[in-house]
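Side chains included, hydrogens not; waters and symmetry mates left out as well; all remaining heavy atoms used. The residues of the chain are indexed from 1 along the displayed sequence.
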Amino acid sequence: MAKEKAVIDPVVRIEGHMRVECEVEDGKVTNAWVSGTLFRGMEEILKKRKAEDAFYIAQRICGVCPISHGHASTQAAEAALGIKIPQNARIIRNIIEGAQYLHSHILWFYTLAALDYVNVISALSADIADTYALAAEAGTGTADFGAIQSRLLKFAEGKQLSIFSGHWWTHPAYKLSPELNLIAVAHYLEALEMQAEAATVIGVMGGKFPHFMTSLPGGTAFVPTEEKLDDVLFRITKVKEFIDTKMIPDTIAVAANYLDALEYGVGVKNFLSWGVFEDKSFDPKKRAMPRGAIYDAQLSGVVDADPAKVIEYTERSWYDSPSALNPAKGETAMAYTDYDIEKKYSWAKAPRHDGRAMEVGPLARMLVAFVSGVPEVRTEVDGALERLGAPKQYAKLISLLGRIAARNLEAKIIAQWTLQWVLDLVEALKGGDSSFFTQERGQTGEGAGLWEAPRGAVGHWMNAKDGAIENYQVVSPSTWLSSPRDADDRRGPIEEALIGCPVEKIEEPLEPLRIVHSFDP
C-alpha cells in the first residue's frame with residue numbers, strides 16, 4: 001500500500017502553536033515530525049534586567065502554567081543570589097502550585113482532551129432515564145441531563161455548536177454510548193466552574209491568575225488571614241469533591257471503552273521529573289513528587305535526574321546557536337529558514353538527558369513517584385489498574401491510556417495534599433510563625449530553578465552579575481515533549497509515540513491527535 005501523509009496544522013486545543021505531520025502506511029503511522037511553529041524568545045527579553053524581575057516576565061511564557069514558570073524563575077534567582085526562604089513561604093508556594101495543577105488537570109481532561117473520545121452529537125440521542133441509571137452504576141455524579149440535552153439540541157438545530165464545533169463527529173473511532181456521552185458533556189460544563197474555583201484560590205493567594213504576583217525571590221508577599229484560608233479551604237474541598245466523584249469515575253468509565261489505547265502511544269520509554277512540591281528539607285529528592293529519571297521502561301529503580309546531563313541540540317531547529325550546549329551555557333540565536341522535514345522544521349530545540357529523549361509530564365512524575373515508593377501514588381495506580389482489568393500490569397501504563405490515567409490520578413492525589421498544606425499553614429500560624437519573606441541576598445552568581453509544571457519538567461537557568469541577568473535559558477515541558485530530531489536523528493517523545501498509531505481516516509487523523517493531546521503540549 002502506498003504511503004500517505006496525514007497533517008494536522010494547526011493542532012487545536014493545546015497551549016501554543018504546533019504542526020504534526022505523519023507518514024501512514026497500511027493504516028499505521030510509520031514516521032512523524034512535530035514542529036513548534038511559534039518563536040517566543042523570552043531568553044533574549046530577560047537579558048540585562050534585574051534578577052528579581054525575571055519572576056514577573058518569565059511566567060508570561062505560558063498562560064496555562066504561569067505558576068510553575070514563576071516558581072522555577074524565582075528558584076533560579078534564589079539559587080543564583082544565595083537566598084533561603086522561610087518555611088511558611090514554602091507551604092504557601094505549594095498551595096498555589098497545587099491549585100494550578102488542579103485547574104490545569106481539570107482543564108486538560110474535559111476542555112482539551114475529552115472531545116477526542118466524547119461524541120457530543122451522539123449525546124442528542126441519549127435516553128434520559130438510562131443516563132441516570134448509567135451514572136448511578138458507574139458511580140459518577142449526576143446533573144440535569146434532560147436540560148443539558150435540550151441545550152445541545154438547540155445548538156445543533158441552529159447549526160451552531162458553539163464550543164463543540166469543528167470536530168470530526170462522524171469518525172468511527174468514537175466508541176461511547178449516547179448516555180455516557182451525555183454524562184461526560186454534563187461534567188464538561190461543570191468542569192468549567194471547577195476550573196474557576198481553582199483559579200480563585202490562586203487569585204486569593206497570588207493576587208491574580210494567570211500571572212500571579214506573590215512568589216517573589218525571598219519568599220512570598222501573601223500574608224494569610226483566617227478568613228482567606230477559610231475561603232481557600234472551602235474552594236479546594238469543592239474541587240476535590242468534583243475530582244473524586246466525577247472526574248475519576250469519568251476517567252474509568254471512558255477508559256473501559258478504549259482499552260486498545262493501552263497497546264500504542266508508547267513513546268521513548270524514558271522518563272524525567274525534576275520533582276515538585278517542596279519538602280521542609282528543600283531536598284528535591286524528597287519533594288512530594290520526587291526528582292528522578294527512568295530509562296528504557298525499567299520500573300525497578302530510579303536514577304538521578306542530573307541537570308549537568310542536559311544538552312540541547314539545534315541541528316533540526318531554526319537557530320544559529322551552537323548545538324549540544326548545557327542550558328547553563330545555552331544560547332538563543334534565531335535563524336528561520338524554511339519548513340523542511342529533512343533539514344530544519346521547528347522552533348523547539350531538542351533537549352536530551354544523558355543522551356536520551358525524555359518524556360516529561362504526569363506519567364513521568366507518577367512513574368518516578370511509584371518506583372520511589374510514594375504511598376499515595378502506589379495506592380492510586382494499583383487501584384486504577386485493578387478497575388481496568390489489568391492488575392499489577394505496570395508496563396501497560398506506558399501507553400496512550402496510561403498517560404491519560406496518570407494525569408487524572410495525579411489530580412486526585414494533589415487535591416488531598418493541597419488540603420493538608422492549607423491545614424499545615426493554619427497550624428504554623430497558630431504556633432506563632434509569622435515569617436514569610438527574607439531580604440538577605442547576594443548580587444552575583446549562577447543557579448537553576450528545576451521544577452515541574454503540570455505538563456512536565458521545567459528548568460530556568462540564570463547567570464546574574466551585579467544584580468542583573470547576564471544569561472537566561474528555559475527548557476519548558478513542551479520543549480522536551482515536542483522536540484524535533486537531534487544530531488543522531490533520534491525522534492522526540494511525541495514523534496516517537498506516534499509510531500504505530502492506527503489511522504482509520506487519513507483526512508481525519510483523530511487517533512494521532514489523541515496521542516498529541518495526551519502529552520498536553
Side-chain angles (χ1 to χ4, degrees), residues 36 38-63 65-85 89 93 96-97 206-207 210-221 274 278 282 284 307-308 310-312 314 317-335 347-349 351 437-453 457-480:
L38 173 68
F39 175 73
R40 287 173 171 165
M42 194 63 71
E43 295 89 347
E44 295 301 297
I45 293 171
L46 283 165
K47 284 183 177 179
K48 305 305 178 184
R49 296 179 182 268
K50 287 183 63 177
E52 288 90 345
D53 289 349
F55 162 74
Y56 298 105
I57 300 168
Q59 59 180 291
R60 266 71 183 176
I61 288 171
C62 182
C65 48
I67 307 300
S68 307
H69 280 287
H71 282 150
S73 179
T74 287
Q75 290 169 5
E78 289 167 349
L81 305 181
I83 301 170
K84 305 295 183 183
I85 70 171
R93 289 185 187 181
I96 295 174
E97 189 74 58
H211 311 314
F212 70 133
M213 305 292 288
T214 56
S215 291
L216 311 173
T220 178
W274 293 131
E278 209 72 83
F282 292 96
V310 177
I311 62 171
E312 293 185 286
T314 58
S317 310
W318 291 310
Y319 295 99
D320 274 341
S321 310
S323 192
L325 294 179
N326 181 269
K329 305 297 180 185
E331 298 179 16
T332 305
M334 61 184 295
W347 283 115
K349 296 179 184 179
F437 190 82
T438 179
Q439 295 280 6
E440 295 181 9
R441 64 200 61 209
Q443 291 292 304
T444 299
E446 297 182 7
L450 303 170
W451 197 238
E452 288 285 313
V458 56
H460 287 232
W461 281 259
M462 179 188 291
N463 185 325
K465 183 178 180 181
D466 298 328
I469 297 170
E470 289 285 295
N471 194 24
Y472 201 98
Q473 290 293 309
V474 178
V475 182
S476 71
S478 292
T479 308
W480 285 104

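Here CH2 of W347 is found 13.0 Å from CZ of R40. Values are rounded to the nearest 0.5 Å. Atom NE2 of residue H211 and atom CD1 of residue I57 lie 12.0 Å apart, to the nearest 0.5 angstrom. A distance of 8.0 Å separates CD of Q59 from CE of M213, quoted to the nearest 0.5 Å. Considering CG of L38 and OG of S478, their distance stands at 11.0 Å, rounded to 0.5 Å. Atom OG1 of T438 and atom CG of L216 lie 12.5 Å apart (nearest 0.5 Å). In this structure, the separation between CG on L46 and CZ on R60 is 11.5 Å, given to the nearest 0.5 Å.
Side-chain atoms of N326 come within 3.5 Å of backbone N or O of V310 as a donor-acceptor pair. Remark: side-chain polar atoms of N471 are not paired, donor with acceptor, to backbone N or O of E331 under 3.5 angstrom. Side chain of T74 to main chain of S215: a donor-acceptor pair is present (N/O by atom type, distance under 3.5 Å, no hydrogens or angles).
Pairing each heavy atom of A51 with each of L81, the nearest pair is CB-CD1, 4.0 Å. Across all their heavy atoms, T314 and S323 have their closest contact at N-OG, 3.1 Å. Nearest approach of E312 to V475, heavy atoms of both residues: OE2-CG2, 3.5 Å. For the pair W274 and P284, the tightest heavy-atom approach, listed with the atom from each and the gap, is O-CB, 4.3 Å. Residues G219 and F437 share a closest heavy-atom pair of N-CD1, 3.7 Å. Residues R441 and G218 share a closest heavy-atom pair of NH2-CA, 3.9 Å.
For the pair Q75 and H460, the minimum side-chain heavy-atom distance is 4.5 Å or more. Side-chain contact check for W461 versus E43: every heavy-atom pair is 4.5 Å or farther apart. Residues W451 and I67 form no side-chain contact, since every pair of their non-hydrogen atoms from C-beta on lies 4.5 Å or further apart.
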TODO: Take T332 and Q473, measure what side-chain contact (heavy atoms from CB on, under 4.5 Å) needs, and give me the verdict at the end.
DONE: CA-CA 8 Å; T332 305; Q473 290 293 309; 3.2 Å; yes
TODO: Take T220 and I96 through the side-chain contact (heavy atoms from CB on, under 4.5 Å) test and state the conclusion after the steps.
DONE: CA-CA 11 Å; T220 178; I96 295 174; 5.5 Å; no
- [ ] Check the pair V458, H69 against side-chain contact (heavy atoms from CB on, under 4.5 Å), reporting the backbone distance first and the verdict last.
- [x] CA-CA 7 Å; V458 56; H69 280 287; 3.6 Å; yes
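Taking the six-membered ring for Trp and thresholds of 30 and 60 degrees, Y319 and F39 have ring planes inclined between 30 and 60 degrees apart.
E452 and S68 are not linked by any side-chain donor-acceptor pair at a separation below 3.5 angstrom, with hydrogens and angles left out of the test. In this model, no donor atom of one side chain and acceptor atom of the other lie less than 3.5 Å apart for Q443 and D466.
Using a 4.0 Å cut-off between a side-chain N of Lys or Arg and a carboxylate O of Asp or Glu, R93 and E78 qualify as a salt bridge.
Of the listed residues (R49, K48, K329, K47), just one forms a salt bridge (charged side-chain N to carboxylate O under 4.0 Å, His left out) with E470, and that residue is K48.
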